[in-house]
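See structure below.
As a basis for the values below, the full set of heavy atoms in this structure was taken, side chains included, without hydrogen atoms, waters or symmetry mates. Note on naming: letters A, B, ... go to the chains in the order of the sequence lines (proteins, then strands), and numbering restarts at 1 for each one.
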There are 2 protein chains.
Amino acid sequence: MSKEPRTKGERTRARILDSAAELFSRSGFNAVSLREIAACAGLTHAGLLHHFPGKEQLLLEVLSRRDETDAAWLFPRILEPAAPEPPPAERLRRVVELVGRNSRTPGLVGLYAKLSAEASGPDHPAHHYFVERYRRLRAELGALLGALFAAADPPVRAEPQAVAVQLLALLDGLQTQWLLEPGAVSMEDSVRDFLGRYGLPVERETARGGRLTG
Amino acid sequence: MSKEPRTKGERTRARILDSAAELFSRSGFNAVSLREIAACAGLTHAGLLHHFPGKEQLLLEVLSRRDETDAAWLFPRILEPAAPEPPPAERLRRVVELVGRNSRTPGLVGLYAKLSAEASGPDHPAHHYFVERYRRLRAELGALLGALFAAADPPVRAEPQAVAVQLLALLDGLQTQWLLEPGAVSMEDSVRDFLGRYGLPVERETARGGRLTG
DNA sequence: GTCTATATCGCGATAGAC
DNA sequence: GTCTATCGCGATATAGAC
């Protein structure tokens, strides 16, 4: 997907992005200094600013890089319109699986939570990024739920777009509670329970090629 | 409930709290300096620090002041154990009404969203405050939902505590989407829809003394 | 093109004068 | 009760060495 770094500059750039992702994930945006990121990548903060115009742009590149990975996995056609599309049930299962996987990377989950809140102001550097992100996710989830509702037996009588909004909100809100007190809620169970209410039971592991014992 | 400020110090304190609430609401915690708050309240930042030991404590007092108002309205017995308790249906209606009211104060909603995310780290000054807040809300909402589920006809077969977690998450997550793009979601409609799915339709206005055309 | 050193700024917080 | 002065810290910007 991404090309191999050839020049020294590109390798440095990649190292900086890795360090930034690591540190942002661990401590959020505001709490991390360019000096720390630079030191982690093996240069000074001024050297870092040679590769990125500022902290904001660095953040956006970190976000985009991560987001593309997940989105491509959940909705392959976003990045590759010709990619083979898994069946709806499999995609829903991946959504739930992603929730479970997030439970193992609290840093990154926290980063997104902090940033999506910080970015509510129209002036925030990541504002447009998050607006687009949510629009896309609502649309994709809505289409996915629509397909599942129609295919269910009996068909589910619910507005897919409205449920998409709720599901997305549930995912975000569960993260808030889970980040504050990890033992207080099970994100994955909550999501399963919610989907079950809408007539969409989700298998615990994938049917084809999945591990049954985690 | 709160006593009138008598001394000059108490009036200054109140002015500081108002200014802090205003500025925190507009820009979050980290983005606002004590100097700004102090200037807004008509003194220097050193003068402000005579009344509050630090920025953290100032934040907590701002939060508590606001939170008490809402909590007392939703669950009167929290602050006044002897207070007359509205029936469960009325309290659920107030929850939904609060959602609608929040739609008119985006600044404060944003502050809570930003802070609850920032506060996920155990070192954050507001961490304990938010952990306790969510514990309390989960418990109160769980009890409320339990009463409503049992009283419904036919009784709703669902785990009140699990639904409380979901409802709380839904409320938070809807705020995230609404803050980013206010026109994209209707928080109140989403909540009504969610509650309806659990067999809990909520009247649009209060039965006793309420305005019907609001 | 890649990076370091240096300078300036604003922050939270403290000490002590008035 | 409020101020001025000051500290140490980290973010950002620029000049110029390699």
Side-chain angles (χ1 to χ4, degrees), chain A residues 3-24 26-62 111 114-115 118-119 121 123-126, chain B residues 4-24 26-63 111 114-115 118-119 121 123-127 129:
Chain A
K3 57 172 183 273
E4 278 294 304
R6 287 264 155 240
T7 75
K8 182 182 180 186
E10 280 177 6
R11 269 187 282 112
T12 305
R13 237 184 98 92
R15 246 178 27 243
I16 292 171
L17 281 173
D18 288 340
S19 303
E22 166 82 21
L23 292 174
F24 282 151
R26 194 180 304 155
S27 317
F29 180 63
N30 288 317
V32 174
S33 71
L34 290 182
R35 284 172 169 82
E36 289 176 87
I37 298 168
C40 184
L43 37 68
T44 67
H45 86 283
L48 186 155
L49 286 171
H50 174 73
H51 296 274
F52 299 90
K55 202 180 175 186
E56 310 181 345
Q57 192 58 37
L58 177 57
L59 167 67
L60 288 181
E61 300 217 19
V62 168
L111 177 59
K114 291 187 190 88
L115 283 175
E118 278 183 27
D123 300 336
H124 192 282
Chain B
E4 278 293 304
R6 286 264 155 241
T7 75
K8 182 184 180 183
E10 279 177 5
R11 268 187 284 115
T12 305
R13 240 184 95 93
R15 241 173 36 239
I16 292 171
L17 281 173
D18 288 340
S19 302
E22 165 81 22
L23 292 174
F24 282 150
R26 196 180 303 156
S27 317
F29 179 65
N30 288 318
V32 174
S33 71
L34 290 181
R35 285 170 170 84
E36 289 176 85
I37 298 169
C40 183
L43 35 66
T44 67
H45 90 284
L48 186 155
L49 286 170
H50 173 74
H51 297 274
F52 299 90
K55 200 184 176 185
E56 310 181 347
Q57 193 58 37
L58 176 57
L59 167 67
L60 289 181
E61 299 218 20
V62 168
L63 289 180
L111 175 61
K114 291 186 189 91
L115 283 174
E118 277 184 27
D123 300 335
H124 193 282
H127 179 76
Y129 169 85

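Here D:dA13 presents its C1' atom at 18 Å from CZ of A:F52, a figure rounded to the nearest Å. B:I16 places its CD1 atom 14 Å from the P atom of C:dG12, with the value rounded to the nearest Å. When the C1' atom of C:dT2 is taken as reference, atom CZ of A:R11 falls 12 Å away, rounded to whole Å. In this structure, B:N30 places its CG atom 19 Å from P of C:dG10, rounding to the nearest Å. Rounded to whole angstrom, the span from the CD atom of A:E36 across to the P atom of D:dC9 amounts to 14 Å. Between the CD atom of B:Q57 and the P atom of C:dG12 there is a distance of 16 Å, given to the nearest Å.
The CZ atom of A:F52 sits 4.0 Å away from the CG atom of A:L17 when rounded to the nearest 0.5 Å. Here the straight-line distance linking atom CD1 of B:I16 with atom CD1 of B:I37 works out to 9.0 Å at 0.5 Å rounding.
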Report task. Scan nucleotides 13-18 of chain C nucleotide by nucleotide, 5' to 3', and note B when protein non-hydrogen atoms come under 4.0 Å of the base, S if they reach only the sugar-phosphate, - if neither. Result -> BB----
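Side-chain atoms of B:L48 and B:L58, non-hydrogen and from C-beta on, do get closer than 4.5 Å to each other.
Note on residues 50-61 of chain B: pairs passing salt bridge (Lys or Arg N to Asp or Glu O under 4.0 Å), not counting sequence neighbours, are B:R13-B:E61. Applying the side-chain hydrogen bond (donor to acceptor under 3.5 Å, both in side chains) definition to pairs two or more places apart or across chains, those involving residues 33-51 of chain B are B:S33-B:E36.
Checking D:dC3, D:dA11, D:dG1 against every side-chain atom of B:H50, the shortest atom distance belongs to D:dG1. Taking only side-chain atoms of A:H51, from C-beta outward, the nucleotide of C:dC3, D:dG1, D:dA11 with the closest atom is C:dC3. The side chain of A:T12 sits closest to C:dC3 out of C:dC3, D:dC3, D:dA11.
In this model, the phosphate group of D:dC3 is approached by a side-chain N or O of B:T44 to a distance below 4.0 Å at OP1 or OP2.
By the ring-ring contact (aromatic ring centres under 6.0 Å, His included) test, B:F29 pairs with B:F24, B:H124, sequence neighbours left out. Scored by the salt bridge (charged side-chain N to carboxylate O under 4.0 Å, His left out) test, B:R26 finds B:E22 as partners (sequence neighbours excluded).
Residue contacts for B:S33: at a heavy-atom cut-off of 4.0 Å it reaches the sugar-phosphate backbone alone, with no base atom in range.
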